[in-house]
Amino acid sequence: MTAPTDLGTAPLTSSSSGLAAPLPGSPARLVGPQQSPAGRRAASPAADELLKSVFRQHAAGVAVITAQGERPVGFTATSLTSVAADPPLISFGVGTGSSSWPVVAEAEYVGVHILAEHQRELAATFARSGADRFAPPTRWRTGPEGVPVLEGVVAWLAARVVARVPAGDHRLVIAEVVTGDPAGGGRPLLYHQGRFTALRD
């Protein structure tokens, strides 16, 4: 299955959506960045394509980030990472053009879900532009701190947002873990070469 077109994190396989957020100082600057009229260093087209090509080789876990506003929102992301153990911090990237960003920008808490290998359709749903992501067949409930918690995932966390760091047309969201459940079982879903896939033994 190829990646759909409306994810919360920045594109590495297309120009309008994607699965990971490049940060300032990325390898793009090694390939001949150009000076923009405003004085900001802009990556050359070659650098942009290099970054996309390199990260197509990077296998990443697939997560869904959720938050509660007037309605629940969520998006598929592969930018999730563990930042620190003391205090327990995680981070993920979200595009400011994402349909979920207005809620994530104001949310005090977020839900973080590690998808299982059988949840490719769920990953696609939370990446698809215009989809009602919380309508059936999506199974979810209101969890701790009011965050939407998806059912059937490998593991999930509820985390308190502590920072939103500007990173190009994205924000790097840092959050402190408050609770969760690591015992969902099963094997994780992966994203590699523009496709959702699974671990091989």
Side-chain angles (χ1 to χ4, degrees), residues 1-10 17-21 59-83 88-95 98-161 164 171-192 195-199:
M1 175 183 295
T2 56
T5 58
D6 181 28
L7 293 93
T9 45
S17 66
L19 293 163
V62 181
V64 166
I65 309 298
T66 61
Q68 183 66 50
E70 293 184 2
R71 59 180 179 84
V73 300
F75 60 92
T76 302
T78 62
S79 58
L80 178 67
T81 187
S82 170
V83 174
L89 299 175
I90 58 93
S91 72
F92 58 88
V94 55
S98 164
S99 60
S100 298
W101 170 242
V103 173
V104 175
E106 301 293 334
E108 185 176 0
Y109 293 90
V110 292
V112 178
H113 307 81
I114 309 299
L115 298 194
E117 63 182 359
H118 68 276
Q119 293 180 309
R120 299 184 190 199
E121 288 302 321
L122 185 65
T125 295
F126 275 82
R128 188 175 299 120
S129 179
D132 186 350
R133 298 169 182 174
F134 290 87
T138 300
R139 295 183 296 119
W140 67 283
R141 60 184 172 83
T142 300
E145 310 299 343
V147 301
V149 174
L150 303 178
E151 302 288 347
V153 297
V154 171
W156 64 269
L157 298 168
R160 180 177 62 87
V161 176
R164 298 174 180 89
R171 295 296 180 268
L172 183 67
V173 179
I174 302 173
E176 182 173 355
V177 173
V178 294
T179 190
D181 183 359
R187 292 158 62 92
L189 183 64
L190 299 180
Y191 183 79
H192 181 242
R195 298 173 60 87
F196 295 120
T197 186
L199 286 172

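Between F75 and S99 there is no side-chain heavy-atom pair separated by less than 4.5 Å. Residues Q68 and V103 have side chains not in contact (no heavy-atom distance under 4.5 Å, counting atoms from C-beta outward). No side-chain heavy atom of T142 sits under 4.5 Å from any side-chain heavy atom of V149. Residues F126 and L150 meet the side-chain proximity criterion, which asks for heavy atoms closer than 4.5 Å. Side-chain contact between I90 and V83: absent, with no pair of heavy atoms (C-beta onward) separated by less than 4.5 Å. In this structure the side chain of V104 reaches within 4.5 angstrom of the side chain of V173, judged on heavy atoms.
With hydrogens and angles ignored, the 3.5 Å screen pairs a side-chain donor or acceptor of S100 with a backbone N or O of G74. Although no hydrogens or angles enter the test, the distance criterion places a donor-acceptor pair under 3.5 Å between the side chain of R164 and the main chain of A105. A donor-acceptor pair under 3.5 Å is absent between the side-chain atoms of W101 and the main chain of V94, judged by distance alone. In this structure a side-chain-to-backbone donor-acceptor pair under 3.5 Å is present from R133 to R128. At least one donor-acceptor pair closer than 3.5 Å links the side chain of T66 to the backbone N or O of P148. Between the side chain of S91 and the backbone N or O of I174, no donor-acceptor pair lies under 3.5 Å. Looking at H113, its side chain does come within 3.5 Å of a backbone N or O of V64 through a donor-acceptor pair. R187 places no side-chain N or O within donor-acceptor distance of the main-chain N or O of A116, the cut-off being under 3.5 Å. At least one donor-acceptor pair closer than 3.5 Å links the side chain of Q119 to the backbone N or O of G152.
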Requested in this report: Apply side chain to side chain contact (heavy atoms under 4.5 Å, CB included) to L80 and I114, showing your working.
Outcome: CA-CA 9 Å; L80 178 67; I114 309 299; 3.5 Å; yes
Requested in this report: Go through the steps for E117 and L199 under the test side chain to side chain contact (heavy atoms under 4.5 Å, CB included), then give the verdict.
Outcome: CA-CA 8 Å; E117 63 182 359; L199 286 172; 5.5 Å; no
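Listed here is the closest heavy atom pair of L172 and G93: CD1-N, 4.4 Å. Shown here for V62 and A123, the closest heavy-atom pair between the two residues is CG1-CB, 4.1 Å. Closest heavy-atom contact between T76 and A127: OG1-N, 3.5 Å.
T179 contributes atom OG1, which lies 11.0 Å from atom OH of Y109 (distance to the nearest 0.5 angstrom). Atom-to-atom distance recorded for I65:CD1 and S79:OG is 7.0 Å, nearest 0.5 angstrom. Between L190 atom CG and L115 atom CG the span is 11.0 Å, to the nearest 0.5 Å. Note that CZ of R120 and OG1 of T197 are 5.0 Å apart. Values are rounded to the nearest 0.5 Å. The distance from atom CD of E145 to atom CZ of R160, rounded to the nearest 0.5 Å, is 10.0 Å.
Checked against a 6.0 Å centroid threshold, the rings of F196 and Y191 count as neighbours.
Salt-bridge check for E151 with R141: passed, with a basic side-chain N closer than 4.0 Å to an acidic carboxylate O.
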